[in-house]
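Down below is the structure, laid out as structure tokens.
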Amino acid sequence: MNQMNLDYHKPSLHGELSIPGDKSVSHRAIMFGSMAKGRTTVSGFLLGNDCLSTIDCFRKLGVKIEVEGTNVVIESKGMADWEEPKDILDTGNSGTTTRLMLGILAGSKLHTVLNGDASIGKRPMRRVIDPLRLMGAQINGRENGQYTPLAIKGNPLQAIEYTMPVASAQVKSAILLAAMHARGTTTIYEKGLTRDHTERMLRQFGAEIIAENGTISYKGGQDLSPAHVEVPGDISSAAFFLVAGALAKNSKVILHNVGLNPTRAGIITVLQEMGADIEVSNVDEHAYEPRGTITISTSTLNGITISGDLIPLLIDEIPIIALLATQAQGKTIIRDAAELRVKETDRIAAVVSELKKLGADIEATEDGMIIQGGKPLHGASLQTYGDHRIGMMGAIAALITEGAIQLDDSDCIAVSYPNFFEDLETILQSR
Ligand code: S3P
């Protein structure tokens, strides 16, 4: 646990950053590269702890994975030749690793056990295991499979038709990964549009998938061909500097290499609707994941309501959007976001309690929060709850508070953004 005192004296921010690799795409690149027979190469890989947990799991399955800087080379003999690991597969703090691995391992020939840290031990897994069991998966864990550790006995699977009870890309992806080894065509009906990195990467690795208006069909038994994956920058990481640029005085920040997949870009919609001075340029309609540059300057903002289908498109950005809303004129209402309660921590409770400590006018609701903006914030000692996004929210808040902020644990930020403070340092102008 690394305590940190953040004493910035309301700086202005200027400069350019290249945003590090997308966490969701980095995980999937390792997973698909490990399933495809042959040599997959990845550039722009995120060296965050979550993605390193994914690499660690596949190495334990006998896949050769070399990392050099942000380049990764994966040499796999294909899933049929994976080795049965002699130890548990440690998924660390990563919900994506845990849930997607369940889908992959359910149809393998191996006996495996997945376990993660204390936060993973509290996160619901039945949402993934229920549909996998319908496909024939044999998975056991605490409370009938709700919680880790989870033991998986690989089993032949059958396709299912499944209507998702939650809008979750992790659940959708776990079913699709299992569907790859299932007999027949699996069809998933989404509750709301969620990030579609798995669908895009299936195509990139040569598989055919039909995805239209929230209905996804995938025929089992297709072989994957190895590929080269260029990971775009993570818009969820860029979000912290977008908010920083909008809130800090006399600032202009240019962020390059930002992933612009429309199923992730809700933060841009929110900034635009709140009246931010934001511009998207140099858009590269990359074959699989679009990317571009975002420029943001100090902005006058107004409160808005954020709800419904927009929520899954910005689910991870809500902590930093809440901070943004504390500085907008008028009220911001966030609803339909009950999923936040089952993230790395209960993010509704954590955001409300920590922003209150800074003097914000914010109340929790069952499925979101209500923020009355326009209150100046002051320093305080904040808890991160071991959650990277709560930690970064606190660090960005320190740029606008009267007085310093202490973070109880800044180490957790390395889960998704190991160079966060170095990047912040490069755009800090006056101290
Ligand atoms: C992710 C999906 C989201 C997101 C998480 C990463 C993914 O979770 O919160 O950080 O890579 O599929 P849910 O799909 O469960 O909402």
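Residues: numbered from 1 along the sequence shown. Indexing begins at 1, ligand by ligand and atom by atom, following the structure's order.
Applying the 4.0 Å criterion to heavy atoms of S168 picks out, from ligand 1, the atoms 13 (P), 14 (O), 15 (O). Using a 4.0 Å cut-off to heavy atoms of D316, the atoms of ligand 1 that qualify are 4 (C), 5 (C), 9 (O), 10 (O). Heavy-atom contacts of S24 reach the following atoms of ligand 1: 1 (C), 6 (C), 7 (C), 11 (O) (cutoff under 4.0 Å). Atoms of ligand 1 found under 4.0 Å from any heavy atom of K23, numbered from 1 in the order shown, are 10 (O).
A side chain to side chain donor-acceptor pair (under 3.5 Å) with T97 is found for one member of T54, D50, T91 and no other, namely T54. Screening R28, H27, R264 for a side chain to side chain donor-acceptor pair (under 3.5 Å) with D22, the sole residue that qualifies is R264.
Under a 3.5 Å cut-off, the side chain of S168 and the backbone N or O of Q170 do form a donor-acceptor pair. Side chain of R347 to main chain of R341: no donor-acceptor pair is present (N/O by atom type, distance under 3.5 Å, no hydrogens or angles).
Using cut-offs of 30° and 60° on the angle between ring planes, the pair F205 and F32 is tilted.
Under 4.0 angstrom from ligand 1, the non-hydrogen atoms of R195 all belong to its side chain. With a 4.0 Å cut-off on non-hydrogen atoms, H197 does not touch ligand 1 at all.
Residue E339 places no N or O, backbone or side chain, under 3.5 Å from any N or O of ligand 1. Residue-to-ligand polar distances keep I315 apart from ligand 1: every N/O pair is separated by 3.5 Å or more. Ligand 1 has no nitrogen or oxygen under 3.5 angstrom from a nitrogen or oxygen of R389.
Between the choices E344, K343, R28, the shortest heavy-atom distance to atom 3 (C) of ligand 1 belongs to K343.
Not close to ligand 1: K172, with no non-hydrogen atom less than 4.0 angstrom away.
The shortest heavy-atom contact between G394 and L382 is CA-CD1, 3.9 Å.
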